[in-house]
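Chain letters run A, B, ... following the sequence lines, proteins first, then strands; residues in each count from 1. If you're wondering where the values come from, they're calculated on a predicted model, not measured in any experiment.
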Amino acid sequence: MTIDSTPPNKNFIRDVIQSDLENGRVDGVVTRFPPEPNGYLHIGHAKSICLNFGVATEFKGRCHLRFDDTNPAREEEEFIEAIKKDVKWLGFDWGEHLYFASDNFEQLYEWALYLIENQLAYVDELSADEIRKYRGTLTNPGEDSPYRDRPTSENLDLFREMRAGKFNEGSRVLRAKIDMKSGNINLRDPVLYRIVNAPHPRTGGAWHIYPTYDFAHGQSDAIELVTHSICTLEFEDHKPLYNWLIENLPTPSQPLQYEFSRLNLTHTVLSKRLLIQLVKDGHVNGWDDPRMPTISGLRRRGVPASALRDFAEKVGVTKSDAIIEVALLEHCVRERLNKSAERRMAVLRPLKVIIENYPEDQTEGLNAINNPETPEAGSRTIPFSRELFIEHEDFMEDPPKKFYRLAPGREVRLRYAYFLTCRDVIKDEWGNVKELRCTYDPKTKGGNAPDGRKVKATMHWVSAKHALAAEVRLYHHLFSSAEPDVTHDVVKEINPNSLERLADCRLEPSLKFIKNGETVQFERLGYFCSDPDSSDSALIFNRTLELRDTWARIKKKPLV
RNA sequence: UGGGGCGUGGUGAAGAGGUCUAACACACCGGUUUUUGGUACCGGCAUUCGAAGGUUCGAAUCCUUCCGCCCCAGCCA
């Protein structure tokens with residue numbers, strides 16, 4: 001299992017486990033991550049995965065992967081596979097402990113009969129609408145169903161017939177007999193089983209009735225001998241029901257539920273409903289669109305799993321509603337990538353430079369360091385020639401005070417190459433700068449002047465005739481508002497410019513061999529990775545994240 | 001107006017009667033180093049803990065009242 005450098009922070013879950021271990025409530029830790037296979041995992045799930053698996057390894061226990069597949073109307077095999085892939089990629093291993101709530105359908109059914117026999121459950125023939133009416137409101141108590149006190153044998157017969165598929169969907173449900181007047185609505189005779197006639201991804205057409213979350217989750221925990229069932233805050237109200245079922249059923253163990261607050265992130269949405277909508281309505285290009293907060297989207301974007309783990313640790317685990325700034329995620333990504341990503345040179349918006357005093361047909365190989373943070377990464381050779389491309393925004397004809405890149409008459413350093421001086425600016429008929437005529441100083445090879453003269457800027461570049469053409473996709477926040485208002489229409493909140501495609505980028509030749517899934521740094525620009533859409537004939541790169549950019553800040557400030 | 005939960009800086013989050021004129025991290029603001037305006041490094045950033053009372057020699061931590069925010073009325077999870 002994955003061990004990260006970040007030391008675990010203290011949180012109440014760890015405290016509880018620690019004391020449960022010390023006072024003997026449990027003698028080992030078993031947790032579980034219980035996704036419903038009705039969509040892809042997102043970064044909020046990553047928090048839960050890291051917590052559950054993290055805490056399990058920390059206390060030398062284990063963590064199960066269990067699919068809560070109790071609603072065949074929504075669940076699909078595709079999601080099961082995608083979820084497994086994401087959990088693995090995140091660096092966690094459930095070993096032998098892959099489970100499905102559906103594995104327990106037979107046992108759950110037996111327990112339902114057990115409840116009926118103990119007069120703790122009954123078959124209700126009220127319609128969904130009527131049940132709602134009988135349930136009362138938040139402030140008014142509910143009323144007992146007229147079917148509540150039918151004889152056990154009748155309940156048994158009816159329930160068996162439900163299983164046999166004798167009834168229509170919605171015509172009958174099995175309900176727990178608890179308390180229609182409870183202040184906790186979950187205790188007002190909650191539905192335990194409903195009739196669903198949809199094929200189940202695992203059990204096919206074997207069943208006509210399916211347990212609800214409440215009737216499946218806790219018992220599955222108990223069957224798997226889970227000791228700490230960790231879930232999010234909205235299940236807090238369900239805990240009394242969770243416990244009621246465990247107390248009234250002959251389960252093999254008595255797990256306890258603990259709740260923490262779910263992750264919220266600025267500039268995005270993290271509700272499954274909304275993410276499904278973004279995908280279905282085509283506002284993004286699938287679940288793994290690099291703008292998506294899904295694990296698959298982040299992976300495609302070039303975010304390393306280790307950064308996600310760091311992030312999950314840094315956000316903390318509490319019960320208070322919190323909105324984490326994306327900046328924290330971005331920090332974790334940069335921190336990891338700065339250490340691991342090899343450096344390359346690429347020009348996103350090319351501006352042609354002709355070095356007038358450089359021999360026409362000469363090419364020389366220059367040595368460039370792969371990663372200054374990691375000397376073991378070694379170095380590579382990059383070609384230099386008379387015609388280059390530099391970044392368009394690295395040149396200004398009439399530069400403001402604090403701009404110290406290239407300008408007419410000014411000398412700068414080309415990284416790993418030579419000092420370069422701008423002699424002439426060539427413009428098109430519209431007055432746009434389209435080419436620079438420069439000279440270089442042959443004595444500055446490698447980037448230093450023997451006379452000791454200094455230069456204010458070092459710029460990246462690419463040799464025109466050796467460069468690779470590529471498309472580069474730049475991503476911006478999916479929502480420009482930090483906290484998008486999703487109460488009405490998410491679509492209105494979407495940032496229309498979240499994807500920016502640059503079709504004419506130029507890369508240094510070595511980028512041809514970049515491994516899939518490897519994220520590199522384009523010097524001075526940011527972190528990039530090759531997109532799965534990329535091919536030998538059409539290179540495509542995604543920008544994971546920009547480097548921190550002090551110059552951009554200076555530009556924005558007044559009084560430059 | 002029923003039940004449950006939560007309130008510590010811009011954002012998270014430690015702290016649970018004295019070591020708190022409140023850790024740490026992100027963000028932000030300055031500065032140093034630098035062949036990435038990156039990285040690294042140094043410094044700044046809550047006399048105050050939702051509010052008001054009270055207990056105490058002493059409170060963010062205990063008590064009382066009040067205020068605010070979140071969740072629950074699916075045969076979703």
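Taking 4.0 Å as the cut-off between side-chain N and carboxylate O, A:Glu236 and A:Lys319 count as a salt-bridged pair. Between A:Asp451 and A:Arg453, at least one side-chain N (NZ, or NE/NH1/NH2) sits under 4.0 Å from a carboxylate O, which counts as a salt bridge.
Distance CG (A:Asn11) to P (B:A25): 18 Å, rounded to an integer number of Å. Regarding A:Phe12, its CZ atom lies at a distance of 17 Å from the P atom of B:A16, rounded to whole Å.
Taking the six-membered ring where tryptophan is involved, the planes of A:Phe522 and A:Phe528 are essentially parallel, since the angle between them stays under 30° and well short of 60°. Ring geometry for A:Tyr213 against A:Phe235 counts as tilted: the plane angle lies between 30° and 60°, on a 0 to 90° scale. In this structure, A:Phe33 and A:His45 have perpendicular ring planes: the angle between them is above 60°, well past the 30° mark. Aromatic ring orientation, A:Tyr210 versus A:Phe105: perpendicular (interplanar angle above 60°, classes split at 30° and 60°). Ring planes of A:Tyr40 and A:Phe79: perpendicular class, angle over 60° (limits at 30 and 60°).
Searching all strands for a Watson-Crick or G-U wobble partner of B:U32 with both distances below 3.5 Å returns B:A40. Of the nucleotides present, none pairs with B:C45 by Watson-Crick or G-U wobble criteria with both distances under 3.5 Å. Across all strands shown, B:G2 forms a Watson-Crick or G-U wobble pair with B:C72, both key distances being under 3.5 Å. Using Watson-Crick or G-U wobble geometry with both donor-acceptor distances under 3.5 Å, B:C57 finds its partner in B:G18. For B:U65, the paired base is B:A51 (Watson-Crick or G-U wobble, both distances below 3.5 Å).
For the P atom pair drawn from B:C62 and B:G15, the interatomic distance equals 13 Å after rounding to whole Å. On the C1' atoms, B:U1 is 22 Å away from B:G7, given to the nearest whole Å. Comparing the P positions of B:C66 and B:A73 gives an interatomic distance of 27 Å, to the nearest angstrom. When the C1' atom is compared between B:A22 and B:A13, the two are found 12 Å apart, to the nearest whole Å.
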Just distance, no hydrogens or angles: give the donor-acceptor pairs under 3.5 Å from side chains in residues 166-173 of chain A, sequence neighbours left out.
unit_1: A:Glu169; atom_1: OE2; unit_2: A:Asn197; atom_2: N; d: 2.6
unit_1: A:Ser171; atom_1: OG; unit_2: A:Asn168; atom_2: O; d: 2.7
unit_1: A:Arg172; atom_1: NH2; unit_2: A:Glu125; atom_2: OE1; d: 3.3

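Distances shorter than 4.0 Å separate some side-chain N or O of A:Lys10 from OP1 or OP2 on B:G15. At least one side-chain nitrogen or oxygen of A:Arg553 sits closer than 4.0 Å to the OP1 or OP2 atom of B:C28. Between A:His331 and B:C26 there is a side-chain polar atom (N or O) within less than 4.0 angstrom of OP1 or OP2.
B:G74 has its base syn relative to the sugar, with a glycosidic angle deviating from 0 by at most 90°.
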For this session: Begin with the C-alpha distance, continue with both residues' side-chain angles, and end with the deciding distance and a verdict on side-chain contact (heavy atoms from CB on, under 4.5 Å) for A:Trp287 and A:Ile276.
Result: CA-CA 8 Å; A:Trp287 286 100; A:Ile276 289 171; 3.5 Å; yes
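Considering all non-hydrogen atoms of both residues, A:Ala377 and A:Asn370 come closest at O-ND2, 2.9 Å.
Among the heavy atoms of the strands lying under 4.0 Å from A:Tyr416 is at least one base atom, whether or not backbone atoms are also near.
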Problem set entry | Annotated protein contacts, base or backbone, on nucleotides 72-77 of chain B with a non-hydrogen cut-off under 4.0 Å, one of B, S, - each | BBBBBB
Protein-nucleotides 38-43 of chain B N/O pairs closer than 3.5 Å?
unit_1: B:G38; atom_1: OP1; unit_2: A:Thr550; atom_2: OG1; d: 2.4
unit_1: B:G38; atom_1: N2; unit_2: A:Glu373; atom_2: OE2; d: 3.1
unit_1: B:U39; atom_1: O2'; unit_2: A:Asn338; atom_2: ND2; d: 3.0
unit_1: B:U39; atom_1: O2'; unit_2: A:Glu373; atom_2: OE1; d: 3.4
unit_1: B:U39; atom_1: O2'; unit_2: A:Glu373; atom_2: OE2; d: 3.1

